[in-house]
Amino acid sequence: MIDHISVGVSELERSARFYEATLAALGLSRLVTRPATIGFGKTYPEFWINLRASMAPVPPESGTHICLRAKTTADVDAFHAAALNAGGRCDGAPGIRPHDRVKYYAAFVVDPDGNRIEAVTFPSE
């Protein structure tokens with residue numbers, strides 16, 4: 001249903017380093033580089049970062065987050081670890097989130113600009 005998404009970043013190269021490391025855990029790589037935008041994906045750019053040099057940090061209470069699908073729980077763990085190693089902050093450690101309708105395994109991180117990113121998978125057991 002959704003073709004691609006983008007987030008604003010205040011420092012393009014800092015964010016490029018963060019997202020290259022973090023998204024690699026989910027099988028995405030840098031595919032397009034332009035002066036003020038970088039696209040990541042598997043076969044085409046699905047996730048973009050766009051330079052917004054005067055952007056203020058995203059406030060924690062914004063409620064906005066982007067969730068990306070992982071194949072396995074190990075991929076979610078790797079996503080979380082890579083994000084923390086690349087300068088992100090933990091916003092929810094990897095683990096099972098049981099809910100009424102579905103059980104899922106997820107991790108939440110915050111990028112250097114305050115964008116909240118989640119990785120999720122749905123284990124069969």
Side-chain angles (χ1 to χ4, degrees):
M1 180 187 332
I2 296 172
D3 182 71
H4 64 276
I5 55 173
S6 63
V7 296
V9 299
S10 61
E11 294 180 37
L12 194 61
E13 284 309 313
R14 175 190 68 182
S15 293
R17 288 188 301 275
F18 173 83
Y19 281 108
E20 283 176 333
T22 303
L23 297 178
L26 302 179
L28 284 77
S29 61
R30 185 194 289 215
L31 299 177
V32 174
T33 301
R34 297 182 184 141
T37 189
I38 297 173
F40 299 87
K42 294 177 182 175
T43 59
Y44 72 97
E46 303 167 61
F47 186 94
W48 293 87
I49 58 174
N50 299 311
L51 179 61
R52 302 292 183 257
S54 61
M55 175 178 121
V58 177
E61 66 275 6
S62 74
T64 302
H65 85 278
I66 296 166
C67 182
L68 304 170
R69 183 70 62 96
K71 289 183 181 178
T72 67
T73 58
D75 291 344
V76 172
D77 295 344
F79 160 88
H80 187 262
L84 299 185
N85 287 335
R89 296 187 328 268
C90 178
D91 199 35
I96 291 289
R97 268 73 175 180
H99 286 275
D100 296 346
R101 297 180 328 179
V102 64
K103 174 181 75 170
Y104 65 98
Y105 189 92
F108 300 80
V109 298
V110 179
D111 80 0
D113 288 292
N115 294 300
R116 295 178 65 231
I117 311 295
E118 174 187 4
V120 67
T121 191
F122 298 89
S124 56
E125 297 188 25

Indicate if [X] and [Y] have the same hydrophobic cluster label, given that clusters are the connected sets of ILVMFWY residues with side-chain heavy-atom separations under 4.5 angstrom.
X: L84; Y: V76; value: no
X: L23; Y: V109; value: yes
X: L68; Y: I49; value: yes
X: W48; Y: I2; value: no

- Task: Return yes if a side-chain donor-acceptor contact under 3.5 Å exists between Y105 and D77, otherwise no.
- Result: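 Checked: Y105/D77 side chains pair up, N/O donor to acceptor below 3.5 Å.
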- Inspect the surroundings of CZ in R97 and state if more than 12 heavy atoms from other residues, nucleotides or ligands are less than 6.0 Å away. yes
- Message: Main chain of N115, side chain of D113: is a donor-acceptor contact present, judged purely on distance under 3.5 Å?
- Response: no
- Under the 3.5 angstrom rule, does the side chain of T121 hit a backbone N or O of T73 as a donor-acceptor pair?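 No, the answer is negative, given that no donor and acceptor are paired below the 3.5 Å cut-off.
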[X] vs [Y] side-chain heavy atoms within contact, under 4.5 Å:
X: P123; Y: I96; value: yes
X: T22; Y: F79; value: yes
X: F40; Y: E20; value: yes

- Atom OG1 of T33 and atom CD of E13: how far apart are they, to the nearest 0.5 Å? 8.0 Å
- Query: Atom CZ of R14 and atom OH of Y19: how far apart are they, to the nearest 0.5 Å?
  - Reply: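 R14 CZ to Y19 OH: 10.0 Å, rounded to 0.5 Å.
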